[in-house]
Every structure is written in structure tokens, then in C-alpha cells.
2 protein chains.
Amino acid sequence: MPRAGLDPAAVVAAGAALADEVGIARLTMGLLAERVGVRTPSLYKHVAGQNDLNRRIAALALNEAADAVGSAVQGYAGRDALGAAARAFRAFVLEHPGRYAATIGVEPTGPDDPMAAAGQRLLGAFTAVLRGYEVAESDVNHALRLLRSLCHGFATLQSAGGFQWSTDVDESFEWLIRFADRGLRAM
Amino acid sequence: MPRAGLDPAAVVAAGAALADEVGIARLTMGLLAERVGVRTPSLYKHVAGQNDLNRRIAALALNEAADAVGSAVQGYAGRDALGAAARAFRAFVLEHPGRYAATIGVEPTGPDDPMAAAGQRLLGAFTAVLRGYEVAESDVNHALRLLRSLCHGFATLQSAGGFQWSTDVDESFEWLIRFADRGLRAM
DNA sequence: GCTCAAAGCTACTGTCATTAGCCACGCTCG
DNA sequence: CGAGCGTGGCTAATGACAGTAGCTTTGAGC
């Protein structure tokens, strides 16, 4: 039996890719094993089980999202930064629906959970956007939750096919960015 | 064997209640059967399978949410209506996390799908809120998607424990309602 | 009281996650 | 170069579930 040369990172990466292809609900250990060229039980040498796999995919997704948003924002401020961040976030969710879905409904176990750290990074990227607006210190957390709810809500609703086809979805998103920008500038 | 006197509605109602208790992911046919006092295969006389059950729970949840939002809005207009609708929606999701979670990621099969009709009812309740604002005809769909994204995003993030405990969540939600109100009035 | 469709049950199958326990590969160190 | 050994792979088996087949019983309508 030739070694497959797997390690946890490779298994998680393959799992994330597979989740994007077939949906997180249809990501089975058997399918993932086949994808990486190994029998099912061998996966357990690298991840502790489906739960662990899911958490690692979620952490990967949050880190990637943070990277995408963070680098999209580079060099912009105010409205441009807001637009860049929101568009980057939505693009990420639509390109990687499976791995992003892995982040839903998973609570971090503790303060040193890699998922929690990744979530903080993503939050930090959005915090940077807020620095371009005159938001009172006491309102920063509220504004952050607003942006997170908006982006998360819109992206997941669209990803789940929750919008009817009556109106162009991209247009709605741009409208939503302008709405948030106006609101933040009027503080 | 005495008859249990079940029908599809009773099975779906019990399933929704159970989903709220244990979470949609842990809602198994065996658990539901035990809850309604029947063996597992008997459930299949009333629902076609887990998929069908999930869709029916989702339709029930959307109808109940539409009822809650619709009646909360009664007699209010403008900002009061918006606040009442948003609070009613969030309260519903937090009180019934399981059945609301059943609506996520389920696409309506066709135009006569009960779920689609229920979704339309919920949308209609929010449309009524918008009548208290001077929103241009061409912007109604965008504004609707904004409200839906906001409420859905906030409620699901909170329900999943997605917010840190640093700032009061109720306060954030009230802040968010004021933000949306200001934005809609400024059109 | 008879009929019969509906609603229940037992028994069974197939899929999946997970565990136990075995074995080969290939690196390290003498 | 060869022995030792940890790691990563495998087969086999278990247990939870969803779903199906086919039998039995109930009870409503005649």
C-alpha cells in the first residue's frame, strides 16, 4: 500500500472543496475518502471525526473570508472600503457556499478555539471599514453587528435561493451597500 | 393496537416542537415517532420522509412567522411598525429556533409549493411596513431584501451564538431598528 | 354485521459514522 | 546496511438511521 501523503490540512482542504461542490449536507466521510484516494477509516488518522472536520472547515472558511475582505479593503476608505468589503464577502460566500455553510450553527468551544480566532480576524477586517466613518466608540459594536447581519443575511439568503427572480440580485446588493453607507455617514 | 389518531398536521406540529427542543439536526424519525407514541415506520403513513417533513415544518414556520409579524404590525405605521415587525420576527426565531432553521437551505419546488406561499405571506407582512415610508416603487424590492437580510442575518447569528458577549444583544437590535428607520425615512 | 381503506406493526435493507485491531512503509540510528 | 518503531493505511465489525415490504387490525360507512 503506497502512502497517500496526507495530513490534516490536506484532508480539511479537500473536505472544504468537496463541500463547495456537493453541499455541506452531502459531504460524507466516504466521499471525502474517495476524493483523497484512501479508505474511509484512514481519514480518522488526520481528523477526529465529522464534527472535528466540520469545525476545521469552518475555521478555514473564516480565515479565508477574513483574508479576502482584508485584502479587498486595502487602500480604500469610507464608502469605497465598505463596498469592497461587502462585495468581497459576498463573492466569497457565493464561490464557496459549502465551506461557508460549515460555519453556521457551530459555536466556538473555548477562547483558544481556532474558529474563534478566525472569526475575530473577520470581524477585525470589518472594524477597519468602520474607521472610515465617524462612529462613536459606544456604537462600534452595534455597527459591527449590523454589517455582519447584513452581509451574512444577504449572502446566505441568496446562496440558499431565498430571493425570487423578480429583481436583479446584484443591483439589490449595491443598493444595500449605498443604504449602509448613507446610514453610517449620517451618524 | 389502539390507533394514535395521527394526521400529517399533528406529525408536523410535533416535529416542529421537537426541532425547537433538540435542534433540527438531531430531529430523527425515531425520536419523533417516540414522541407521538408510534413506531418509526408508521410516520411514513403521514409524511413522505424526512425531506417532506422538513419542508412541511419550514412551511409551518414561515406561516407562523408571517402571522406573528402581521399581527404585531396591526395598528402601527412607520417606525413603530418597523420596530414591531422586526421584534416580532426576532422573537419568533429565538423562541422557535428549530423550526426556523428548517427553512434555511430549502428551495421551493414550484409555484404551488406551500412553502413558497408561506414565504410570500411573510414578505407581504414586511411589505406592509414599507408602506409607512416613502419608498419609490422601483426600490421596494431592494428595501424588502434589505429588511429580510437584516432580520434573518441578525436572528440566525444570535440563535447560533454568533455574537460575543461584550455588548448587549437586545440593545444592538434596537440600534439596528433605528438605523433602518433612519435610512428608510431619508429616501 | 360486513367491507375495506387507512393506520399501525414487525422484519429487513442499505448507508454512514466510528472503533478495533492488524500490517506495511520508510525514517532514524547504530 | 539492517534492525526498530512510529505513523498511516487497511479490513472487519458495530450501531444509529432512513426508508421499504408486506402483514394485521381498526373502525367508519353501508
Side-chain angles (χ1 to χ4, degrees), chain A residues 1-60 98-99 101-107 109, chain B residues 1-60 98-99 101-107 109:
Chain A
M1 294 136 210
R3 296 281 168 110
L6 286 182
D7 60 13
V11 170
V12 171
L18 201 47
D20 289 338
E21 287 172 35
V22 306
I24 189 73
R26 278 196 273 270
L27 174 61
T28 69
M29 297 301 269
L31 197 59
L32 177 54
E34 189 181 2
R35 170 68 64 104
V36 300
V38 116
R39 297 308 184 111
T40 306
S42 305
L43 293 179
Y44 291 81
K45 298 285 182 177
H46 304 292
V47 296
Q50 208 168 38
N51 223 310
D52 180 43
L53 173 67
N54 198 337
R55 303 184 72 82
R56 287 175 192 246
I57 291 176
L60 174 68
R99 69 188 68 186
T103 67
I104 299 176
V106 189
E107 287 192 61
T109 54
Chain B
M1 292 132 209
R3 295 280 168 110
L6 287 181
D7 60 14
V11 170
V12 171
L18 201 47
D20 289 338
E21 288 171 34
V22 305
I24 190 73
R26 279 197 272 271
L27 174 62
T28 70
M29 297 301 269
L31 198 58
L32 177 55
E34 189 181 4
R35 170 67 65 102
V36 299
V38 116
R39 299 308 184 113
T40 306
S42 306
L43 292 180
Y44 291 81
K45 298 287 182 179
H46 304 292
V47 295
Q50 208 167 37
N51 223 311
D52 180 44
L53 174 66
N54 198 334
R55 303 183 73 82
R56 286 174 193 246
I57 291 176
L60 174 68
R99 70 189 69 188
T103 68
I104 299 175
V106 189
E107 287 193 61
T109 52

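Residue numbers begin at 1 in each chain, while the letters A, B, ... track the order of the sequences.
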| Contact list for DNA chain D against residues 25-46 of chain B - heavy-atom distance below 4.0 Å | Thr28(B), Met29(B), Gly30(B), Pro41(B), Tyr44(B)
| request: Could you tell me which residues satisfy side chain to side chain contact (heavy atoms under 4.5 Å, CB included) with Thr109(A), sequence neighbours excluded, listed by chain and number? | output: Arg55(A), Asp113(A)
| request: Give me the bend of the helix from dG1(C)-dC30(D) to dG30(C)-dC1(D), using the axes of the five pairs at each end, rounded to 10°. | output: 10°
| said: Could you measure the distance from the CD atom of Gln50(B) to the OG1 atom of Thr28(B)? Nearest 0.5 Å is fine. | reply: 7.5 Å
| note | Ala102(A) and Ala58(A) have their tightest heavy-atom pair at O-CB, 3.6 Å
| How long is the line joining CG of Leu6(A) and P of dC25(C), in whole Å? | 17 Å
| From CA spacing to verdict: side-chain contact (heavy atoms from CB on, under 4.5 Å), Leu31(A), Leu27(A) | CA-CA 7 Å; Leu31(A) 197 59; Leu27(A) 174 61; 5.5 Å; no
| remark: d(Ile104(A) CD1, Ile104(B) CD1) to nearest 0.5 Å is 6.5 Å
| query | In residues 7-16 of chain A, which ones come under 4.0 Å of DNA chain C, going by heavy atoms? | reply | none
| request: Just jot down the side chain to side chain donor-acceptor pair (under 3.5 Å) partners of Asp7(B), sequence neighbours excluded, or say none. | output: none
| Does Leu32(A) reach the side chain of Leu53(A), with side-chain heavy atoms less than 4.5 Å apart? | yes
| said: Distance check, rounded to the nearest 0.5 Å: Met29(A) atom CE versus Leu43(A) atom CG? | reply: 5.0 Å
| request: Indicate yes or no: at least one non-hydrogen side-chain atom of Val38(B) is less than 4.5 angstrom from one of His46(B). | output: no
Give the table of side-chain donor-acceptor pairs shorter than 3.5 Å for residues 8-22 of chain A, with sequence neighbours excluded, one pair per line with atom names and distance.
residue, atom, partner, partner atom, Å
Asp20(A), OD1, Gly98(A), N, 3.0
Asp20(A), OD1, Arg99(A), N, 2.9
Asp20(A), OD2, His96(A), ND1, 2.9
Asp20(A), OD2, Arg99(A), NE, 2.8
Asp20(A), OD2, Arg99(A), NH2, 2.9
Glu21(A), OE1, Arg35(A), NH2, 2.8
Glu21(A), OE2, Arg35(A), NH1, 3.2

| query | What integer distance in Å separates Gln50(A):CD from dT15(C):C1'? | reply | 12 Å
